[in-house]
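Sending over a structure as structure tokens; questions will come in a sec.
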Amino acid sequence: MKNIVILISGQGSNMEAIVRACASEGWDARIAAVLSNRAAAPGLAFASEQGIATVVIEHTAFDSRAAFDAELARTLESFAPDVVVLAGFMRILGDAFVRRFEGRMVNVHPSLLPAFTGLHTHQRAIEAGCKLAGATVHFVTPTVDHGPIIAQAVVPVLPGDTPQVLGARVLAREHVLYPRAVGWVVAGMLRLNDGVVTHAQGESQLI
Ligand code: GAR
């Protein structure tokens, strides 16, 4: 049985989708803990209700990024994670931290990477006149919002879309995309060659 640890900063709706998929799809895994860098993260309540261990490590309590990363890594290791899931975790992680969990740490980003790394992705997609937007799940590497792409979901950008409307359309797809991708990681279904991820049984990685 694999241990999944999920890191959140806010609503945690992707975390919730993964918790539900793990249970309903009978993954050979358990959610060992949900960690947050914000005590006010609404997602913590859902995790507690599910009987999942929760830990808050407030980044504001640390003098440096390295000190925060070290405490986060120490806490993570205490749950013996096989898979580390960043689900709306809005802190940049340092190289040493990423290297420590590389290959077993994944992230969801609300754009079709490599386009629109960083913040305000929906606003930027609308301003660029994109007709397609979406979300990407990728293995985490030291460069923020880069790393081998596991799966993507695509939605249309419709006339009159605001960043909020487009963001909600993308988020609804993330709730399908992210559990699917994490399920593959848990099941050992992914192969990585020259930075390209393929599914061992050829399942579509366009969700
Ligand atoms: C999601 O849209 C996720 O893609 C995004 O934050 C939101 C979290 O929602 N992540 C990033 O922007 C990371 N670069 P949630 O807390 O409800 O899952």
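Start at 1 with the first residue, then count along the sequence. Note that ligands are numbered from 1 as they come in the structure, with each ligand's atoms numbered from 1 the same way.
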Quiz item: What pairs meet the side chain to side chain donor-acceptor pair (under 3.5 Å) rule with one or both residues in residues 190-207, with sequence neighbours excluded?
Solution: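 Listed once each, the pairs are W184-H199.
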Quiz item: Counting only N and O atoms by type, is there a donor-acceptor contact under 3.5 Å from the side chain of D145 to the main-chain atoms of G118?
Solution: yes
Give the table of side-chain donor-acceptor pairs shorter than 3.5 Å for residues 39-58, with sequence neighbours excluded, one pair per line with atom names and distance.
from, atom 1, to, atom 2, distance (Å)
S48, OG, L44, O, 3.2
E58, OE2, A39, N, 3.2

Put together the list of close N/O pairs, under 3.5 Å, between ligand 1 and the protein, could you?
from, atom 1, to, atom 2, distance (Å)
ligand 1, 2 (O), E174, OE1, 3.2
ligand 1, 2 (O), E174, OE2, 2.9
ligand 1, 4 (O), E174, OE1, 2.8
ligand 1, 4 (O), E174, OE2, 3.3
ligand 1, 14 (N), H109, ND1, 3.2
ligand 1, 16 (O), G12, N, 2.8
ligand 1, 17 (O), S13, N, 2.9
ligand 1, 17 (O), S13, OG, 2.5
ligand 1, 18 (O), S13, N, 3.3
ligand 1, 18 (O), N14, N, 2.9
ligand 1, 18 (O), N14, ND2, 2.9

Exercise. Verify side-chain hydrogen bond (donor to acceptor under 3.5 Å, both in side chains) between H109 and T117, making sure each step is shown before the conclusion.
Key: CA-CA 8 Å; H109 182 75; T117 60; over 6 Å; no
Pairs under 3.5 angstrom only: tabulate donor-acceptor contacts from the side chains of residues 146-159 to other protein residues two or more places apart or in another chain.
from, atom 1, to, atom 2, distance (Å)
H146, ND1, V144, O, 2.9
Q152, NE2, L113, O, 3.0
Q152, NE2, T136, OG1, 2.9

Quiz prompt | Check: R65 side chain, I92 main-chain N or O, donor-acceptor pair, under 3.5 Å | solution = yes
